[in-house]
**Student:** 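The following block contains the structure, expressed as structure tokens.
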Amino acid sequence: MLAENKLEVLKDLVRQYSREEIIWTNGYLAGLLAQNETRESKETIVPVSVKPTIIYGTETGNSKKLATQLQTVFKKNKIQSKVIDAFQYPVEKLEKEDFLIVIMSTQGEGDPPQNAVKFFDNISNSSANLSKTRFAVLGLGDSSYPLFCKAGEVIDEQLARLGAQRALPFQKADVDFTPVAEKWFTEILGSLQQATIVKT
Ligand SMILES: Cc1cc2nc3c(=O)[nH]c(=O)nc-3n(C[C@H](O)[C@H](O)[C@H](O)COP(=O)(O)O)c2cc1C
């Protein structure tokens with residue numbers, strides 16, 4: 001419970017927030033909580049039963065590298081995940097995913113990378129029901145291009161159109177993508193662990 005004066009400050013702050021900002025703040029706070037709780041001996045993090053699938057779309061390897069780094073973060077936190085090239089991902093499997101993570105760069109003029117063209121088209125033409133799927137998309141790009149991170153943005157919109165629930169708002173990452181990606185990893189971890197922290 002917050003003291004009255006702190007509650008008023010919080011209410012004032014939240015009043016100025018958009019819906020996306022509230023979702024982001026929720027993930028951010030959950031991430032902070034998860035970090036603190038690993039340090040406290042009276043609380044236990046039970047294994048996360050969700051097995052996220054990480055799909056990457058890449059031309060020059062950045063998105064693949066981040067997908068692998070995220071898998072390492074998951075491993076350290078005892079979360080099993082799969083990393084898969086968008087080219088090899090059968091879109092029919094989407095309905096079976098409970099937590100889908102997409103890391104996708106943008107090429108050409110707002111286009112998906114070559115390995116993700118089929119995935120991109122299939123998802124755009126899909127009528128799957130993804131109401132049981134949570135997801136998060138990280139778009140890699142370069143803000144000097146007019147259509148900054150467009151391919152990632154389209155994937156994010158398509159997943160939402162199919163009824164999937166955003167675990168985090170769409171995140172764009174510019175050429176210096178490492179700090180943005182690392183922060184995003186922490187937020188994903190927070191949103192996965194949120195429901196699984198038990199007090200002993
Ligand atoms: C030929 C070319 C076209 C690009 N077009 C875009 C673009 O339209 N929008 C954008 O945000 N970034 C664009 N980028 C930047 C890439 O998305 C960025 O370098 C990204 O980190 C590459 O990630 P990847 O190695 O996973 O493909 C382009 C890069 C190249 C080389």
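Whatever order the structure lists ligands and atoms in, that order sets their numbers, starting from 1.
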**Student:** Between Lys172 and Ser143, does the side-chain contact (heavy atoms from CB on, under 4.5 Å) criterion hold? Intermediate values first, please.
**Tutor:** CA-CA 9 Å; Lys172 296 180 183 185; Ser143 57; over 6 Å; no
**Student:** Tell me the residues surrounding ligand 1, counting only those with a heavy atom closer than 4.0 angstrom, sorted by chain and number.
**Tutor:** Thr58, Glu59, Thr60, Gly61, Asn62, Ser63, Ser105, Thr106, Gln107, Gly108, Glu109, Gly110, Leu140, Gly141, Asp142, Tyr145, Leu147, Phe148, Cys149
**Student:** Of all heavy-atom pairs between Phe170 and Glu153, which one has the smallest distance, and what is that distance?
**Tutor:**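 Nearest pair, atom of Phe170 first, then Glu153: CZ-N, 3.3 Å.
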**Student:** Keeping to residues at least two apart or across chains, list the side-chain hydrogen bond (donor to acceptor under 3.5 Å, both in side chains) pairs with something in residues 52-73.
**Tutor:**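 Qualifying pairs: Thr53-Glu97.
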**Student:** Return yes if some donor-acceptor pair links the side-chain N/O of Asp174 with the main-chain N/O of Asp176 below 3.5 Å, else return no.
**Tutor:** no
**Student:** Has Asn129 got a side-chain atom pairing as donor or acceptor with Ser131's backbone, closer than 3.5 angstrom?
**Tutor:** yes
**Student:** Charged N to carboxylate O below 4.0 Å: is that the case for Asp121 and Lys118?
**Tutor:**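 The answer is no: the pair does not qualify as a salt bridge.
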